[in-house]
Amino acid sequence: MTAVDPTLIDDLDARGLIAQMTGEDQLRSWLADGSRTLYCGFDPTADSLHIGSLVPLLTLRRFQQAGHKPLALVGGATGLIGDPSFKAQERKLNTPDIVANWVEKLKQQVSRFIDFGSAENSAEVVNNLDWTEKLNVLDFLRDVGKHFSINNMIQKESVKQRIDREGAGISFTEFTYMILQSYDFAELYKQHNCTLQIGGSDQWGNITGGIDLARRMYGGQVFGLTLPLVTKSDGTKFGKTESGTIWLDPAKTSPYAFYQFWLNTADADAYKFLRYFTFLSVADIDAIEAADNAAEGRPQAQGILAREVTKLIHGEEGLIAAERITAAMFSGELSDLSESDLEQLKLDGLPSSDLDLSTLSDTPLTTLLADCGMAKAGREVKDALGRNAVFINGEAKGASDNMNAAASFSVANALYSRFFLVKLGKKKNHLFEIAG
RNA sequence: GCAGGGGUUCCCGAGUGGCCAAAGGGAUCAGACUGUAAAUCUGACGCGCAAGCUUCGGUGGUUCGAAUCCACCCCCCUGCACCA
């Protein structure tokens, strides 16, 4: 039997990672007394997870490090239905082939965060479609549905607003989601002796549903633990930026952009995020906070956070690439960059595109920079030009340069006759390479 | 099905014949201040370098002129009825 770390719950608690749990004392001793199997579900709602799923994902890993066996459940079945929990509106159903495709991608992604190789508590990925697919309706209704009381289900906070609220409503399909997820827990209890489900705090209703079902169907005593929803001090939504969601897939959010996201964390959130998203000890994080408070000026927390999380998600190479670009864009002199440095930045994931000089004469900068994705619309570029906040190879451009892109992008001005590094505002950079 | 309420620019939400690309707030972008932070202040915020162009559920109409008026249609909500 694998040795377990009995302080796990205390550590999670100290990190602020426990929103709710069932049978606290019982659960503590249950986890302290032996290696247990737990699971967390991830529904395929896109072709990649985003940082919203990071807290549960990393928590699975914390359990594994403490000697427990994690199961990552990918919701091939539940993804076909859609979880109504705290959703304001009914969602559109995705087609089975799309969901199946996403399931495959999530399986691979999830696999990188927990350890499958080694020990007795090696992780597994399971798919609830495997046991739901062959279930027929009548059996489901008789064997599973009988254990659920509609009276209880409509009391759940997670669906209450959909039931009470004007203008929303809930379909039978989504309403049934809770039953499906409950069935997962019961099934995992039977198949894997899985006795704990973790998830975001929005999953509480679904988790307690599963606990009841496992008891009713198999007489099993199982537990639930939920993790807090990540919030930001300024009240805006965590995990989104102007350019959209922060994904875990490096093809969707480059390690550089990922690193920058964490680096830009507000002071008020930085230490909380260190506790949530890194494996640094709580004592170390407290020490960092104390040191930052004592010091003048810029805190070190964001840098540590960005490094730790980027390394966790994108590995050492991803981190190095992100730091290389950051150094070049925010501190380095352009003249310090060698030709191969520039080539490397492009490979590292600095946004870049090819430039055809021959078509430049009638293209305003506003169009050019909006099209390459630096700004959402020409208007933003225009605004920046009006404030001399556009730099091409370090040279400030103003409104009068707008119609004269050809002069700004001339071979003579190019770095190594090939590259243009364009900066819009303080934080947006783009590398152009002369095509051909 | 009947009655009533409603569909406005990313979101919330004003606007009921011209002064409306459409108040206000949020989100977002840029600038100042800083520390690639927060707060604050400034500017931008349908598209377009511009001239100008395209919007207010849809289609048609009235009018010199419509988000605003009329007709029909679609969708949502609330009652009631129908169904059982």
Side-chain angles (χ1 to χ4, degrees), chain A residues 87-90 92 161-171 231-246 256-274 288-289 291-307 310 322-332 350-351 359-391 396-409 422-430:
Chain A
K87 300 286 188 317
Q89 294 186 329
E90 186 88 9
K92 270 178 280 170
Q161 49 173 314
R162 287 279 291 277
I163 289 169
D164 295 346
R165 181 185 150 136
E166 300 181 11
I170 183 168
S171 68
T231 55
K232 291 206 293 176
S233 55
D234 64 5
T236 57
K237 200 168 159 62
F238 170 76
K240 302 269 185 185
T241 66
E242 74 288 351
S243 39
T245 305
I246 306 295
Y256 164 68
F258 188 85
Y259 178 91
Q260 285 288 324
F261 170 81
W262 295 103
L263 198 61
N264 278 295
T265 302
D267 292 3
D269 296 321
Y271 307 96
K272 177 169 82 173
F273 287 2
L274 280 169
I288 293 167
E289 184 164 9
D292 280 346
N293 283 336
E296 293 275 309
R298 190 176 190 174
Q300 55 178 331
Q302 285 89 338
I304 296 170
L305 179 67
R307 274 196 295 284
T310 306
E323 291 194 306
R324 185 161 42 221
I325 298 177
T326 297
M329 294 308 115
F330 291 93
S331 49
L350 182 68
T359 62
L360 234 48
S361 54
D362 47 21
T363 311
L365 287 178
T366 46
T367 306
L368 186 67
L369 301 189
D371 286 353
C372 78
M374 290 191 84
K376 283 190 214 141
R379 187 145 241 126
E380 287 184 5
V381 181
K382 185 186 164 191
D383 182 50
L385 281 171
R387 295 157 183 276
N388 293 311
V390 174
F391 299 85
K397 297 294 171 185
S400 58
D401 297 304
N402 188 31
M403 291 313 292
N404 205 1
S408 299
F409 291 102
V422 178
K423 192 188 233 339
L424 192 162
K426 258 182 290 202
K427 299 184 191 173
K428 295 177 173 176
N429 293 285
H430 193 96

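Computation of the quantities below employed the complete heavy-atom set of this structure, encompassing side-chain atoms and omitting hydrogens, waters and symmetry-equivalent molecules. Lettering follows sequence order; numbering is per chain, from 1.
- Closest contact between the side chain of A:Pro299 and the listed nucleotides B:rA39, B:rG35, B:rC49 involves B:rG35.
- Listed candidates were B:rA37, B:rA30, B:rG48. Nearest to the side chain of A:Ala266 is B:rA37.
- With a cut-off of 3.5 Å on both pairing distances, B:rU16 has no Watson-Crick or G-U wobble partner at all.
- The partner of B:rU59 is B:rA71, by the rule that a Watson-Crick or G-U pair needs both atom distances under 3.5 Å.
- With a cut-off of 3.5 Å on both Watson-Crick or G-U wobble distances, the partner of B:rG46 is given as B:rC53.
- Nearest to the side-chain atoms of A:Lys382 among the listed nucleotides B:rA37, B:rC29, B:rA50 stands B:rA50.
- In this structure, of B:rC49, B:rG43, B:rC47, it is B:rC47 that holds the atom nearest to the side chain of A:Ala377.
- Without hydrogens or angle criteria, A:Asp269 side chain to A:Ser233 main chain gives a donor-acceptor distance under 3.5 Å.
- Comparing atom distances between the A:Arg387 side chain and each of B:rU28, B:rG43, B:rU36 picks out B:rG43 as nearest.
- When the options A:Val390, A:Val381, A:Val422 are evaluated for a side-chain contact (heavy atoms from CB on, under 4.5 Å) with A:Met374, the one that passes is A:Val422.
- The base-pairing partner of B:rG4, taking Watson-Crick or G-U wobble contacts with both distances under 3.5 Å, is B:rC77.
- Pairing for B:rA23 is absent, with no Watson-Crick or G-U wobble pair whose two atom distances lie under 3.5 Å.
- Judged by distance alone, the side chains of A:Lys427 and A:Asn264 do bring a donor and an acceptor atom under 3.5 Å apart.
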